Novice: 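Would you mind keeping the following structure in view while I ask a few things?
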2 protein chains.
Amino acid sequence: MSFNEAFKAIADPTRRKILSLLRNGELTAGEIASHFDMQKPSVSHHLKILKQADLVQDRREGQHIYYSLNTTVFQDLLRWFYDFVERGEKHVEE
Amino acid sequence: MSFNEAFKAIADPTRRKILSLLRNGELTAGEIASHFDMQKPSVSHHLKILKQADLVQDRREGQHIYYSLNTTVFQDLLRWFYDFVERGEKHVEE
DNA sequence: TCCGTATTTAGATAATTTCCTAAATGTCTA
DNA sequence: TAGACATTTAGGAAATTATCTAAATACGGA
């Protein structure tokens with residue numbers, strides 16, 4: 001179920017850029033928003049979708065909320081693609 | 001450019017199921033459609049999106065059109081995920 | 001050429017998604 | 001507690017997407 005949410009989350013270029021930004025370490029919502037020509041509520045919405053898909057985690061520190069990658073779901077997705085490239089046998093869909 | 005199209009194509013569960021079906025070898029449009037509770041034009045539409053994203057190829061043989069996987073784009077996508085899991089250094093976004 | 005089968009294209013509708021502005025919430029400091 | 005800052009929630013408009021039915025195209029065989 002969360003598999004589908006993750007694929008949908010990654011389908012959006014803004015959200016993929018957010019994920020890429022987070023590869024260098026955690027960032028606050030405001031820092032993330034500063035990289036986009038978009039209002040903060042819109043970025044916040046994208047962050048919510050990434051969080052629901054378990055692709056990122058958040059933690060509050062004072063007024064700031066820090067976002068960071070949760071790589072465990074990436075591993076599941078990685079395997080999905082791997083099964084296509086490695087023309088192996090048994091493949092289970094979601 | 002096609003990178004974004006591929007992610008969008010894969011975001012849909014019907015299309016992911018089509019891709020999974022094709023892992024066992026090429027199938028005609030009709031054979032693919034028979035696996036879904038959906039009219040054939042709808043499946044045809046999904047196939048078109050997969051083709052535009054270069055995830056599948058098609059070839060006509062008489063009245064039938066055979067679809068098969070094109071794994072080269074899968075390799076690009078695989079690398080994208082790999083770069084997240086392997087907490088490496090330089091990462092280039094699209 | 002006419003018919004049947006396979007598939008796609010066209011056009012419409014309903015659902016979903018993205019983005020905006022305005023308002024609310026949470027936290028710190030004075 | 002009041003004010004400022006960081007962030008999210010709410011509500012709505014515009015764009016995109018998924019699906020349907022009907023019609024068109026492509027091919028093979030009589």
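Treat the numbers as computed from the prediction; the structure is a model and nothing was measured. The sequence lines fix the lettering, A, B, ..., with proteins before strands; numbering per chain opens at 1.
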Novice: Hey, which of these two, A/I49 or B/S42, hits DNA chain C nearer its 5' end, going by closest nucleotide?
Specialist: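 The answer here is B/S42.
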Novice: Report the end-to-end axis angle of the helix from C/dT1-D/dA30 to C/dA30-D/dT1; each axis comes from five terminal pairs, and the value is rounded to 10°.
Specialist: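 For the helix from C/dT1-D/dA30 to C/dA30-D/dT1, the axes at either end differ by 20°.
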Novice: Contact between A/F81 and B/I10 at the side-chain level, heavy atoms closer than 4.5 Å - yes or no?
Specialist: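 SC-SC contact between A/F81 and B/I10 confirmed.
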Novice: Side-chain atoms of residues 34-49 of chain A: list all donor-acceptor pairs with protein atoms under 3.5 Å, sequence neighbours left out, distances to 0.1 Å.
Specialist:
| unit_1 | atom_1 | unit_2 | atom_2 | d |
| --- | --- | --- | --- | --- |
| A/S34 | OG | A/E31 | O | 2.6 |
| A/H35 | ND1 | A/E31 | O | 3.0 |
| A/H46 | ND1 | A/R15 | NH1 | 3.1 |

Novice: A side-chain contact here means heavy atoms from C-beta on lying under 4.5 Å apart; do A/L77 and B/V85 qualify?
Specialist: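 No. Closest side-chain heavy atoms not under 4.5 Å.
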Novice: Do B/K51 and B/Q57 have side chains that approach each other closer than 4.5 Å (heavy atoms only, starting at C-beta)?
Specialist: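 Side chain of B/K51 against side chain of B/Q57, heavy atoms only: no contact under 4.5 Å found.
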Novice: On the 0 to 90° scale, with breaks at 30° and 60°, tag the B/W80-B/F7 ring pair as parallel, tilted or perpendicular.
Specialist: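 It falls in the perpendicular class, over 60°.
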Novice: With the side chain of B/R60 defined as its heavy atoms from C-beta on, choose the nearest nucleotide among C/dC20, D/dC27, D/dT19.
Specialist: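 Minimum distance to the B/R60 side chain belongs to D/dC27.
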Novice: What is the distance, rounded to the nearest whole Å, between atom CD1 of A/I18 and atom C1' of C/dC19?
Specialist: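 Those two atoms, CD1 and C1', are 13 Å apart.
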Novice: Can you see if the side chain of A/K8 gets near the phosphate of C/dT16 - specifically, an N or O under 4.0 Å from OP1 or OP2?
Specialist: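 Negative; the distance criterion is not met.
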Novice: Between A/I65 (CD1) and C/dG26 (C1'), how many Å, whole number?
Specialist: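 Taking atom C1' of C/dG26 as the reference, CD1 of A/I65 is at 8 Å.
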Novice: Could you tell me the separation between the CG atom of B/D58 and the C1' atom of D/dT25, rounded to a whole number of Å?
Specialist: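 Computing the B/D58:CG to D/dT25:C1' distance gives 15 Å.
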Novice: Is there side-chain contact between B/N70 and B/V56, with at least one heavy-atom pair below 4.5 Å?
Specialist: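 With C-beta onward as the side chain, the pair stays apart.
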Novice: Could you tell me how far apart B/K40 (NZ) and C/dT7 (C1') are, to the nearest whole angstrom?
Specialist: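 Taking NZ of B/K40 and C1' of C/dT7, I get 8 Å after rounding.
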Novice: Please tell me which of the listed nucleotides, C/dT18, D/dA18, C/dT7, lies nearest to the side chain of B/H46?
Specialist: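 Taking heavy atoms from C-beta onward, the closest nucleotide is D/dA18.
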Novice: Before you tell me yes or no, could you show the steps for B/L27 and B/Y66 under side-chain contact (heavy atoms from CB on, under 4.5 Å), namely the whole-Å CA-CA distance, both residues' side-chain angles and the distance that decides it to 0.1 Å?
Specialist: CA-CA 5 Å; B/L27 293 172; B/Y66 282 90; 5.9 Å; no
Novice: State whether B/T28 places a side-chain N or O below 4.0 Å from either non-bridging phosphate oxygen (OP1 or OP2) of C/dT7.
Specialist: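 Result: yes.
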Novice: Between atom NE2 in B/H64 and atom P in C/dG4, what is the gap in whole Å?
Specialist: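 After rounding, the gap between these two atoms is 17 Å.
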Novice: Output the single nucleotide from D/dT8, C/dT8, D/dT21 whose closest atom is nearest the side chain of B/Q39.
Specialist: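 Among the listed nucleotides, the one closest to the side chain of B/Q39 is D/dT21.
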Novice: If you check the A/P41 side chain, which of C/dG26, D/dT8, C/dT18 turns out closest?
Specialist: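 Selected nucleotide: D/dT8.
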Novice: Specify the separation, in whole Å, of atom CZ of B/R59 and atom C1' of C/dT7.
Specialist: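 Taking CZ of B/R59 and C1' of C/dT7, I get 15 Å after rounding.
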Novice: Are side-chain heavy atoms of B/N4 and A/P13 found at a separation under 4.5 Å?
Specialist: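 Yes; the side chains approach each other to less than 4.5 Å.
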Novice: Just compare C/dT18, C/dA6, D/dT9 and give me whichever is closest to any side-chain atom of A/H45.
Specialist: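 Selected nucleotide (nearest to the side chain): C/dT18.
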Novice: Using only modelled atom types and a 3.5 angstrom limit, is any donor from either the side chain of B/Q63 or the base of C/dT5 paired with an acceptor on the other?
Specialist: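 Side chain to base: pair present.
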Novice: Over how many whole Å does the gap from A/E5 atom CD to C/dT17 atom C1' extend?
Specialist: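 So the two atoms are 15 Å apart, to the nearest Å.
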Novice: Would you indicate which nucleotide in D/dT8, C/dC19, C/dT7 comes nearest to any side-chain atom of A/S44?
Specialist: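 Of all the options, the side chain of A/S44 is nearest to D/dT8.
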Novice: So what does B/Y67 touch, heavy atoms closer than 4.0 Å: a base, only the sugar-phosphate, or nothing?
Specialist: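 The answer is sugar-phosphate, as B/Y67 gets under 4.0 Å only of primed atoms, P, OP1 or OP2.
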Novice: Please state how far atom NZ in A/K48 lies from atom C1' in D/dT9, giving the value in whole angstrom units.
Specialist: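 These atoms are roughly 7 Å apart.
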